[in-house]
Amino acid sequence: MMQRGCENCGADISHRRKDVRFCSKKCSDAPRLSGSLCEYCGVEYPVATNNKKRNRFCSKGCANRTQFLANNPNFKEDYFAEPNLENSYWAGFIAADGYIYVPKKGQRILGIRLKSTDREHLIKLQSSIGAGTLTETTTFSEQYNKEYYGTSYRLSSDKVCFDFLKNFNIGERKSLTLEPPDLSGDLTTAFIAGYIDGDGSYSMGAYSPRLGIVGTEIFLSWILKQYGLKSSIYYTNGTYGVSIYGDNAIGIRRGIHDLNLPLLERKRHRWEELGFDIKNKEKNGFSTRG
């Protein structure tokens, strides 16, 4: 007689009927493990063969991620995987005004908060990536006895955050540690354009337009190097900044204007209010200050 063993403990059950698979009720009811593949990440994981409800995922995180993708069918998870003009602009903008947060559990979070007046710009970002949530917020300032209204964008995605770090050098706590990305040509211009829309400003100097930018010292030095400028970087109230005037400011804005970028409307209108023709440098007629 061929020997048969209990499917749980291996005890000899050759003497029992052929349809009997276990030596006792205890072994029959005991959980037994077999391998299965997670439907999200493809990793093999153990499941109980007597589990009436078959597990489809190796973890709650993979289950939640699958549900997220089902609810966001237009999500471009690889949106930042390869730098291009559009995503380089958004990377620069988020480098200025956004953040990356790593929770103890769950996916890394990409977020950004703007004034409610700039809500349409976050809608552009949401549409470009194809996912993420927008939330209206209200903050009360006791110092000024005034309420401030904002709009926040938030996206949970390890892939997006890893691509941010790999391609644009943007990680956690970037406000104090931001360093230049490894980009070139028009991609550099697009990134700087996004950064200026976030942490730049346009105003009128004594005789010419002024472009002001704040950031880390190493990042501002990198921007100046891209345009061959030697403007002095100043430090005030815990912040580094630089002022660029005249033809140099117009030249930077001209390079941005020549690219097809999803620019922040408020800053674009602010430049137009200054009344300088970025298409024809000869019409302006003032000297360069740096």
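Predicted model, so just to flag it, every value in this text is computed and none were measured.
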Peer 1: For the residue pair Ser221 and Ile233, establish whether any side-chain heavy-atom pair is separated by less than 4.5 Å.
Peer 2: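 Touching, per the 4.5 Å side-chain cut-off.
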
Peer 1: Do Leu263 and Leu85 share a hydrophobic cluster, counting only Ile, Leu, Val, Met, Phe, Trp and Tyr and linking them when any side-chain heavy atoms are less than 4.5 Å apart?
Peer 2: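 Same hydrophobic cluster.
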
Peer 1: Given side-chain contact (heavy atoms from CB on, under 4.5 Å), test Tyr227 with Ile252 step by step and report yes or no.
Peer 2: CA-CA 8 Å; Tyr227 296 102; Ile252 291 174; 3.8 Å; yes

Peer 1: How about Phe68 and Phe75: are their ring centres within less than 6.0 Å of each other?
Peer 2: yes

Peer 1: Would one find more than 12 heavy atoms of other residues, nucleotides or ligands at under 6.0 Å from atom NZ of Lys115?
Peer 2: no

Peer 1: Side chains of Ser14 and Asp12: donor-acceptor distance under 3.5 Å anywhere?
Peer 2: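 Asp12 and Ser14 do have a side-chain donor-acceptor pair below 3.5 Å.
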
Peer 1: Counting only heavy atoms from other residues, nucleotides and ligands, does the tally under 6.0 Å from CD of Glu273 exceed 12?
Peer 2: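 Yes.
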
Peer 1: Answer whether the closest heavy-atom distance between the side chains of Arg270 and Leu274 falls below 4.5 Å.
Peer 2: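 With C-beta onward as the side chain, the pair touches.
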
Peer 1: Let me confirm one number: the OH-CG distance from Tyr235 to Leu220, rounded to the nearest 0.5 Å.
Peer 2: 12.5 Å

Peer 1: Starting from Val102, can I reach Ile94 by hopping between I/L/V/M/F/W/Y residues whose side chains sit under 4.5 Å apart?
Peer 2: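 As far as the 4.5 Å side-chain criterion goes, Val102 and Ile94 are not connected within one cluster.
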
Peer 1: Phe219 and Tyr195: aromatic ring centres closer than 6.0 Å?
Peer 2: yes

Peer 1: Is the backbone of Gly132 close enough, under 3.5 Å, to the side chain of Gln126 for a donor and an acceptor to pair up by distance?
Peer 2: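 Yes, Gln126 side chain to Gly132 backbone: donor-acceptor pair under 3.5 Å.
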
Peer 1: Rounded to the nearest 0.5 Å, how far apart are CG of Asp258 and CG of Asn260?
Peer 2: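 If I round to the nearest 0.5 Å, the distance is 11.5 Å.
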
Peer 1: Under the criterion side-chain contact (heavy atoms from CB on, under 4.5 Å), I'd like the reasoning laid out for Glu217 against Val242: C-alpha separation, chi angles, the key distance, then a yes or no.
Peer 2: CA-CA 9 Å; Glu217 186 174 19; Val242 66; over 6 Å; no

Peer 1: Picking from Ile123, Leu114, Ile129, what satisfies side-chain contact (heavy atoms from CB on, under 4.5 Å) with Tyr153?
Peer 2: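 The option that passes is Ile129.
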
Peer 1: Side chains of Arg253 and Tyr202: is there a donor and an acceptor less than 3.5 Å apart?
Peer 2: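 Present: a donor and an acceptor within the cut-off.
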
Peer 1: Evaluate the side-chain proximity of Tyr234 to Tyr240: yes if any heavy-atom separation is below 4.5 Å, no if none is.
Peer 2: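 Side chain of Tyr240 against side chain of Tyr234, heavy atoms only: no contact under 4.5 Å found.
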
Peer 1: Verify the distance criterion only: is there a donor paired with an acceptor across the side chains of Asp163 and Tyr79 at less than 3.5 Å?
Peer 2: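 No pair is found: no donor N or O on one side chain lies under 3.5 Å from an acceptor on the other.
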
Peer 1: The criterion is salt bridge (Lys or Arg N to Asp or Glu O under 4.0 Å); which residues satisfy it with Glu120, sequence neighbours excluded?
Peer 2: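 Partners of Glu120 under the salt bridge (Lys or Arg N to Asp or Glu O under 4.0 Å) test: none.
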
Peer 1: Would you sort out whether Trp222 and Glu179 count as a side-chain contact (heavy atoms from CB on, under 4.5 Å), showing the intermediate values?
Peer 2: CA-CA 9 Å; Trp222 172 76; Glu179 294 189 6; over 6 Å; no

Peer 1: For the residue pair Arg210 and Ser243, confirm or rule out a side-chain donor-acceptor distance under 3.5 Å.
Peer 2: yes

Peer 1: Rounded at 0.5 Å granularity, tell me how far CG in Leu229 sits from CG in Asn248.
Peer 2: 4.5 Å

Peer 1: Any chain of hydrophobic side-chain contacts (each under 4.5 Å) joining Leu165 to Ile100?
Peer 2: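 No, Leu165 and Ile100 fall in different hydrophobic clusters.
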
Peer 1: Under 3.5 Å, side chain of Arg4 to main-chain N/O of Val20, donor-acceptor pair present?
Peer 2: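 Flag set: sc Arg4 to bb Val20 pair under 3.5 Å.
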
Peer 1: Can you check whether Asp78 reaches Lys159 side chain to side chain, under 4.5 Å on heavy atoms?
Peer 2: yes

Peer 1: Looking at Thr189, Asn84, Asp197, which one forms a side-chain hydrogen bond (donor to acceptor under 3.5 Å, both in side chains) with Tyr89?
Peer 2: Asp197

Peer 1: Starting at CG of Leu125, measure out to CG of Asn87 and round the result to the nearest 0.5 Å.
Peer 2: 11.0 Å

Peer 1: Show your working on side-chain contact (heavy atoms from CB on, under 4.5 Å) between Ile109 and Arg154 and close with a plain yes or no.
Peer 2: CA-CA 7 Å; Ile109 296 170; Arg154 181 183 173 103; 2.8 Å; yes

Peer 1: Does Asp97 use its side chain to pair, donor to acceptor, with the backbone of Asp199 at less than 3.5 Å?
Peer 2: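 Pair absent, no side-chain N/O of Asp97 close to backbone of Asp199.
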
Peer 1: Is the number of heavy atoms from other residues, nucleotides or ligands under 6.0 Å of Tyr144 OH greater than 12?
Peer 2: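 At most 12 heavy atoms, drawn from other residues, nucleotides or ligands, come within 6.0 Å of this atom.
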
Peer 1: Is there side-chain contact between Tyr148 and Thr137, with heavy atoms separated by less than 4.5 Å?
Peer 2: no

Peer 1: Parallel, tilted or perpendicular, judged at 30° and 60°: which one describes the rings of Phe93 and His121?
Peer 2: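 Perpendicular.
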
Peer 1: Donor-acceptor check, side chain of Lys267 to backbone of Ser201, threshold 3.5 angstrom: yes or no?
Peer 2: no

Peer 1: Suppose we screen for side-chain contact (heavy atoms from CB on, under 4.5 Å). Which residues come up paired with Glu136, at least two apart in sequence or across chains?
Peer 2: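 Glu136 satisfies side-chain contact (heavy atoms from CB on, under 4.5 Å) with Ser116, Arg119, Thr151 once adjacent residues are dropped.
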
Peer 1: Around atom CG of Asp19, are there more than 12 heavy atoms from other residues, nucleotides or ligands closer than 6.0 Å?
Peer 2: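 Counting other residues, nucleotides and ligands, CG of Asp19 exceeds 12 neighbours.
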
Peer 1: Evaluate the criterion side chain to side chain donor-acceptor pair (under 3.5 Å) for residue pair Arg108 and Ser157; output intermediate values, then yes/no.
Peer 2: CA-CA 6 Å; Arg108 286 164 171 76; Ser157 173; over 6 Å; no

Peer 1: How long is the straight-line distance from CG of Leu122 back to OG of Ser152, given to the nearest 0.5 Å?
Peer 2: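 So the gap between those two atoms works out to 8.0 Å.
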
Peer 1: Are Leu224 and Ile250 in one and the same hydrophobic cluster, where Ile, Leu, Val, Met, Phe, Trp and Tyr link if side-chain heavy atoms are under 4.5 Å apart?
Peer 2: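 Yes, same cluster.
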
Peer 1: Evaluate the side-chain proximity of Phe168 to Ser88: yes if any heavy-atom separation is below 4.5 Å, no if none is.
Peer 2: yes

Peer 1: Look up atom CD in Glu77 and atom CZ in Phe80, then write down how far apart they are to the nearest 0.5 Å.
Peer 2: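 One finds 12.5 Å between CD of Glu77 and CZ of Phe80.
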
Peer 1: With a 4.5 Å heavy-atom cut-off, do Pro83 and Leu183 have their side chains touching?
Peer 2: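 SC-SC contact between Pro83 and Leu183 confirmed.
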
Peer 1: Between Trp90 and Glu86, is there a side-chain heavy-atom distance shorter than 4.5 Å?
Peer 2: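 In short, these two side chains touch, coming nearer than 4.5 Å.
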
Peer 1: Do Leu69 and Val160 share a hydrophobic cluster (ILVMFWY, side-chain heavy atoms under 4.5 Å, transitive)?
Peer 2: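 Same cluster: Leu69 reaches Val160 through Ile, Leu, Val, Met, Phe, Trp or Tyr contacts under 4.5 Å.
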
